[in-house]
Amino acid sequence: MLKLLRHLLAIAALPFVVTVVIPTRLARRQGITLHLAASLPSRLAQVLGLAVPELGLGLFFGSLRRFATEGDGTLAPWDPPRRLVVAGLYRFVRNPMITGVLFVLLGEALLLLSRSHLEWAVLFFAINAVYIPLLEEPQLLLRFGEPYREYCRHVPRLIPRLQPWQPPDNRGA
């Protein structure tokens with residue numbers, strides 16, 4: 001029960017604020033409402049806006065599950081995984097949760113046909129492009145050492161690779 005509470009708190013504090021609270025405030029402040037677009041290209045963008053978040057949620061919840069089961073931690077900086085997770089989605093990208101949240105934000109921008117929501121998605125990407133290498137990765141290197149350094153050499157930070165990386169201990173298995 002305590003483990004579930006740890007995860008719910010982390011989700012409420014971080015991705016929920018980024019994907020629900022801030023976009024809702026943007027929409028309210030600017031009078032943006034969901035409506036069916038008149039032009040075919042805009043309607044196609046809205047259809048894409050329904051599909052893209054599905055991919056994002058899959059990335060997010062798939063990686064969250066790995067953090068809980070293999071990493072024995074949460075997505076929150078105050079309760080990070082205790083073991084290095086390099087399986088599943090983490091074989092393609094080092095930060096699948098951030099990539100997933102970015103897909104959700106892009107889907108919201110497409111669905112609402114909102115420039116301000118697109119700008120929020122770009123700002124979210126930029127913040128993480130600075131935060132991750134400057135603050136998060138040095139801490140991970142201190143915590144996990146050479147295995148993390150080796151992982152970083154093979155797996156990109158935010159944009160997934162096409163083929164999964166095979167960690168040295170899994171080669172030939």
Q.
side chain to side chain contact (heavy atoms under 4.5 Å, CB included) for Leu102 and Ile98? Distances and angles first, verdict last.
A. CA-CA 6 Å; Leu102 183 60; Ile98 299 298; 5.5 Å; no

**Q.** Residue pair Gln166, Arg91: steps toward the side chain to side chain contact (heavy atoms under 4.5 Å, CB included) verdict
**A.** CA-CA 7 Å; Gln166 290 294 330; Arg91 294 172 56 203; 2.3 Å; yes

Q.
Between Trp165 and Glu150, does the side chain to side chain contact (heavy atoms under 4.5 Å, CB included) criterion hold? Intermediate values first, please.
A. CA-CA 11 Å; Trp165 175 61; Glu150 175 70 11; 4.2 Å; yes

Q: Determine whether Leu118 and Ile32 fall in the same hydrophobic cluster, where Ile, Leu, Val, Met, Phe, Trp and Tyr are linked whenever their side-chain heavy atoms lie under 4.5 Å apart.
A: no

Q | Considering all heavy atoms, the nearest Val101-Pro15 contact | A | CG2-CB, 4.2 Å

Q | Crowding at CD, Gln163 (>12 non-hydrogen neighbours, <6.0 Å) | A | no

Q) So how far is it from Asn128 CG to Met97 CE, rounded to the nearest 0.5 Å? A) 12.0 Å

**Q.** Atom pair CZ (Phe60) and OG1 (Thr19), whose distance is rounded to the nearest 0.5 Å
**A.** 8.0 Å

**Q.** Gln46 (side chain) donor-acceptor with His35 (main chain) under 3.5 angstrom
**A.** yes

Q. Do Leu40 and Leu44 come within less than 4.5 Å of each other through their side chains, counting heavy atoms only?
A. yes

Q) Has the side chain of Asn95 got a donor or acceptor atom that lies under 3.5 Å from a matching backbone atom of Leu158? A) no

Q.
If you compare all heavy atoms of Val20 against all heavy atoms of Thr24, which two are closest, and at what distance to 0.1 Å?
A. O-OG1, 2.6 Å

Q) About how many Å separate CD of Glu146 and CG of Leu141, when rounded to the nearest 0.5 Å? A) 8.0 Å

Q) Is His117 reaching over with its side chain to a backbone N or O of Leu26, donor-acceptor style, under 3.5 angstrom? A) no

Q) Does atom CD1 of Ile159 have more than 12 heavy-atom neighbours, drawn from other residues, nucleotides or ligands, at distances under 6.0 Å? A) no

Q. For Pro138 and Pro133, which heavy atoms make the closest approach, and how far apart are they?
A. CD-O, 3.3 Å

Q. What distance do Leu105 atom CG and Glu119 atom CD have between them, rounded to the nearest 0.5 Å?
A. 13.0 Å

Q) Do the side chain of Arg94 and the main chain of Tyr151 share a donor and acceptor less than 3.5 angstrom apart? A) no

Q: State yes or no: do Val85 and Leu14 share one hydrophobic cluster built from I, L, V, M, F, W and Y residues joined by side-chain heavy-atom distances below 4.5 Å, directly or via other members?
A: yes

Q: Evaluate side chain to side chain contact (heavy atoms under 4.5 Å, CB included) for Ile132 paired with Arg157, printing each intermediate quantity in order.
A: CA-CA 8 Å; Ile132 291 169; Arg157 185 175 291 127; 3.7 Å; yes

Q) If Ile, Leu, Val, Met, Phe, Trp and Tyr residues are connected whenever their side-chain heavy atoms lie under 4.5 Å apart, and connections chain through other members, are Val104 and Leu111 in the same group? A) no

Q. What are the two closest heavy atoms between Ala87 and Glu70, and how far apart are they?
A. CB-OE1, 3.6 Å

Q.
Would you say that Arg25 contacts Trp120 through its side chain, given a criterion of any heavy-atom pair below 4.5 Å between the two side chains?
A. no

Q. Are Leu55 and Leu50 connected, step by step, through hydrophobic side chains (Ile, Leu, Val, Met, Phe, Trp, Tyr) whose heavy atoms are closer than 4.5 Å?
A. no

Q. So with a 6.0 Å cut-off around CZ of Arg28, is the heavy-atom count from everything else above 12?
A. no

**Q.** Parallel, tilted or perpendicular: rings of Phe67 and Tyr90 (30°, 60°)
**A.** parallel

(Q) Do Leu59 and Val52 land in one hydrophobic cluster if side-chain heavy atoms of ILVMFWY residues count as linked below 4.5 Å? (A) yes

Q | Reported CZ-to-CZ distance for the pair Phe144 and Arg83, which is rounded to 0.5 angstrom | A | 9.5 Å

**Q.** Spacing of OG belonging to Ser114 relative to CD belonging to Gln30, to within rounding of 0.5 Å
**A.** 6.0 Å

(Q) Check whether Arg161 reaches the backbone of Val155 with its side chain - one donor and one acceptor, N or O, closer than 3.5 Å. (A) no

Q.
Tell me the closest heavy-atom pair linking Val86 and Pro167, and the distance in Å.
A. CG2-CG, 4.0 Å

Q: For Arg143 and Tyr148, indicate whether the former's side chain and the latter's backbone hold a donor-acceptor pair under 3.5 Å.
A: no

Q. Do you know the tightest heavy-atom contact between Leu89 and Gly58?
A. CD1-O, 4.1 Å

